[in-house]
Amino acid sequence: MNATVSRIGRDHGDVDVAVIGGGINGAGIARDAAGRGLKVLLCEKDDFAEGTSSRSGKLIHGGLRYLEYYEFRLVREALIEREVLLASAPHIIWPMRFVLPHSPEQRPAWLVRTGLFLYDHLGGRKQLPPSRAVDLAHEPEGAPLREEFRRGVEYSDCWVDDARLVILNLVDAARKGATILPRTRAVSARRENGAWHLEMRAANGELQIVRARALVNAAGPWVQDVVQGVAGLNSAHHVRLVKGSHLVVPKFWSGSQAYLLQNTDRRVIFVNPYESDLALIGTTDIVHNGRAEDVAVDDGEVDYLLAVLDRYFRAAPGKGDIVHAFSGVRPLYDDNADNPSAVTRDYVFEVHGAADQPPLLSIFGGKITTFRRLAEQALERLAPWFPQLAPAWTAGACLPGGDLGGPFEQFLIDLARDYQGLPRELVAHYARLYGSSARDLLGTARSPNDLGRHFGGTFYERELFYLREREWAVTAADVLDRRTKHGLHLTRSEREAFELQF
């Protein structure tokens, strides 16, 4: 054995497509490609969804405000995808109604009504109710608002557990034969004998290799690092990193509705119900010039978001109410817009490679709502190199756990009936995170004692084992902050006790 081969910890052999990046776009592409019969490998330098895809506003939405920037194609595509995704994963995606109080200083009523008319009709809405006027002076949605906000409108979008959306795509890709490698960094890639020779470094230092007929760069904020630093190529496109920060506070209003608030700078802020008893507030839009890894919420952003709340709500939360805050960078395609809020949320593909060369497909931009369609288009761009590629298939397919056999509410009733010995809150937790796969997790459990050690809240040892065995969870943060949101509900001492075992 020669020296080059002897230093390789693992050779994954030959694949059709190697995907770099385990965020939502990489996960969606891996799933789509594996389902079309391609042999797929995906590597991610950290945990899945750790960089951007777990730090979103957690919405599947058309992007109402993008209409102001004439992004009609993007909004239409997103609205169509909203319906597709809602049908594919009703356990982690569900409808939410948004109340938009009228603030004439920002936008006249006719403009809002026109925008909502387009929003209701651009995407062929079928499952969600249309927008409507709301009398905030008399209807319950207006109760928490200051008295000067007496009129408003209400419209529909969808909530999503963003990190679980990534995981479920990867689980489905693995079921269809894909090799999934967390904490495995792409080190170098070179064309060799008609294929990409990709070297990767695992967290334990082990060097791994794979040979791929095509390479997909879905590295998000690090897309240019992969083009230049890994593949040694030059790109004609760029990403602009825009920081978005969110606050989590105790929920401070009654009802299931969310609020969309217009600020004096014409930006909009979402105030959404979160984890039943919390509220998620965001987001900011600030150009980030540093490393994506170093993004963090700053005091100015906290003040900005709280000031918007105070303008609209009678009893707005303050700094002392913040229980959690997070920040992420959006790797937006750089279209040279001056205002970060105006930078397009659309996506662009760049293909390196002639017809007789193995291609490198890089993705610039995108948003979580359009990931499935982005994946379809990525495979379309690679089709010339795979003439036997099977047709697109994901539009009518459920994600793992999404085959509920009917409305989520009925599924929850049936699951609670089958597991009568478990508290309703616990059954609801499993139903929401795992859908029909909850039965695989629970098995023959008949009481909480059957679920092993109790870590606090609704978190038991059996779920931990499931996440380790089925969903690549390695660290406490993988479990508490991304695969689940148990971290928001454990006490500090409970979290510290749990972290000690990692």
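Only heavy atoms go into these numbers, but all of them, side chains included; no hydrogens, no water, no symmetry mates. Sequential numbering from 1 along the given sequence is applied to the chain's residues.
Judged purely by distance below 3.5 Å, without hydrogens or angles, the side chains of Q257 and Y259 pair a donor atom with an acceptor atom. For the residue pair E463/H429, the side-chain donor-acceptor check at 3.5 Å is satisfied. The closest side-chain donor-acceptor pair between W393 and E376, if any, does not fall under 3.5 angstrom. Using modelled atom types, one finds a donor on one side chain and an acceptor on the other under 3.5 Å when comparing D120 with S131.
Partners of T114 according to the side-chain hydrogen bond (donor to acceptor under 3.5 Å, both in side chains) rule, which considers only residues two or more places apart in sequence or in another chain, do not exist here. Residues that satisfy the side-chain contact (heavy atoms from CB on, under 4.5 Å) test with P108, not counting sequence neighbours, are W110, L111. For Q410, the side-chain hydrogen bond (donor to acceptor under 3.5 Å, both in side chains) partners are D414, not counting sequence neighbours. Evaluation of the salt bridge (Lys or Arg N to Asp or Glu O under 4.0 Å) rule for E461 yields no partner, not counting sequence neighbours. With sequence neighbours excluded, the residues satisfying ring-ring contact (aromatic ring centres under 6.0 Å, His included) with H237 are Y333, F364. Remark: Y304 pairs with no residue by the ring-ring contact (aromatic ring centres under 6.0 Å, His included) rule, at least two apart or across chains. Looking at residues two or more places apart in sequence or on another chain, you find a side-chain hydrogen bond (donor to acceptor under 3.5 Å, both in side chains) between D294 and R291. Remark: K485 pairs with D161 by the salt bridge (Lys or Arg N to Asp or Glu O under 4.0 Å) rule, at least two apart or across chains. E275 pairs by the salt bridge (Lys or Arg N to Asp or Glu O under 4.0 Å) definition with nothing, not counting sequence neighbours.
In F117, the CZ atom is not crowded: 12 or fewer heavy atoms of neighbouring residues, nucleotides or ligands sit closer than 6.0 Å. Counting non-hydrogen atoms of other residues, nucleotides and ligands closer than 6.0 Å to CZ of R492 gives a total of 12 or fewer. Counting non-hydrogen atoms of neighbouring residues, nucleotides and ligands closer than 6.0 angstrom, the CD atom of E425 reaches no more than 12 such neighbours. In this structure, E147 places its CD atom where only 12 or fewer heavy-atom neighbours from other residues, nucleotides or ligands lie under 6.0 Å away. Under a cut-off of 6.0 angstrom, the local environment of CZ in R462 is crowded, with over 12 non-hydrogen atoms contributed by other residues, nucleotides or ligands. Heavy atoms from other residues, nucleotides or ligands lying under 6.0 Å from CZ of R150 number 12 at most.
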* To do: Please assess Q106 against S103 for the test side chain to side chain donor-acceptor pair (under 3.5 Å), listing each intermediate value before the final yes or no.
  => CA-CA 6 Å; Q106 277 70 65; S103 178; 2.4 Å; yes
* To do: Please assess R482 against S54 for the test side chain to side chain donor-acceptor pair (under 3.5 Å), listing each intermediate value before the final yes or no.
  => CA-CA 7 Å; R482 287 181 287 277; S54 62; 5.2 Å; no
* **Test log, rule salt bridge (charged side-chain N to carboxylate O under 4.0 Å, His left out), inputs R373 and E380** => CA-CA 11 Å; R373 182 63 184 129; E380 290 170 11; 3.5 Å; yes
* To do: Applying side-chain contact (heavy atoms from CB on, under 4.5 Å), run through L422 and L442 and close with a yes or a no.
  => CA-CA 10 Å; L422 300 180; L442 289 169; 3.8 Å; yes
* **Derivation and outcome, salt bridge (charged side-chain N to carboxylate O under 4.0 Å, His left out), residues D47 and R483** => CA-CA 10 Å; D47 183 31; R483 307 300 188 282; 2.8 Å; yes
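Between E68 and R107 there is a salt bridge, with a side-chain nitrogen of the basic residue lying less than 4.0 Å from a carboxylate oxygen of the acidic one. Look at R266 and E105 and you find no salt bridge, because none of the NZ, NE, NH1 or NH2 atoms lies under 4.0 Å from a carboxylate O. For K251 and D277, the salt-bridge test fails: no basic side-chain N is under 4.0 Å from an acidic carboxylate O. Taking 4.0 Å as the cut-off between side-chain N and carboxylate O, E81 and R372 count as a salt-bridged pair. Contact check on D157 versus R82 returns a salt bridge, with a Lys/Arg side-chain nitrogen under 4.0 Å from an Asp/Glu carboxylate oxygen. A salt bridge links K243 with D298: at least one charged nitrogen is closer than 4.0 Å to a carboxylate oxygen.
Residue M96 comes nearest to S256 through the heavy atom pair CG-O, 4.4 Å, listed as atom of the first residue, atom of the second, then distance. Across every non-hydrogen atom of C158 and P95, the tightest pair is SG-CA, 4.1 Å. Between V166 and S53, the shortest heavy-atom contact is CG2-CB, 3.7 Å.
Identified under the salt bridge (Lys or Arg N to Asp or Glu O under 4.0 Å) test for residues 312-321, with sequence neighbours left out: D303-K319. Listed by first and then second residue, the side-chain hydrogen bond (donor to acceptor under 3.5 Å, both in side chains) pairs involving residues 437-460 are D418-R439 (not counting sequence neighbours).
One distance of note links CD of E71 with OH of Y66; it measures 8.5 Å at 0.5 Å rounding. For the atom pair CG (L451) and OH (Y466), the distance works out to 14.0 Å, reported to the nearest 0.5 Å. Considering CD1 of I60 and CD of E83, their distance stands at 12.0 Å, rounded to 0.5 Å. Here CG of N272 is found 4.5 Å from CZ of F98. Values are rounded to the nearest 0.5 Å. Considering CD1 of I368 and CD1 of I24, their distance stands at 5.0 Å, rounded to 0.5 Å. Note that CG of L79 is 9.0 Å distant from OG1 of T369, once rounded to the nearest 0.5 Å.
Within the 3.5 Å criterion, the main-chain N or O of T491 finds a donor-acceptor partner in the side chain of E494. Side-chain atoms of D310 never come within 3.5 Å of backbone atoms of A307 as a donor-acceptor pair (strictly under, hydrogens ignored). With Y155 contributing its side chain and L100 its backbone, the two residues share no donor-acceptor pair below 3.5 Å. Looking at E44, its side chain does come within 3.5 Å of a backbone N or O of D46 through a donor-acceptor pair. With hydrogens and angles ignored, the 3.5 Å screen pairs no side-chain donor or acceptor of D32 with any backbone N or O of G28.
None of L59, L399, L85 except one satisfies the side-chain contact (heavy atoms from CB on, under 4.5 Å) rule with I93; the exception is L85.
Taking the six-membered ring for Trp and the full ring otherwise, the centers of W94 and F408 sit at least 6.0 Å from each other.
Ring geometry for F455 versus F498: interplanar angle over 60°, hence perpendicular rather than tilted (30 to 60°).
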Show the atom names and distances, to 0.1 Å, of all donor-acceptor pairs under 3.5 Å that link a side chain in residues 323-332 to residues at least two apart or in another chain.
| unit_1 | atom_1 | unit_2 | atom_2 | d |
| --- | --- | --- | --- | --- |
| S327 | OG | S245 | OG | 2.9 |
| R330 | NH1 | D285 | OD1 | 2.6 |
| R330 | NH2 | T283 | OG1 | 3.1 |
| R330 | NH2 | T284 | O | 3.2 |

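For the pair R311 and F149, the cation-pi criterion (under 6.0 Å, within 45° of the ring axis) is not fulfilled.
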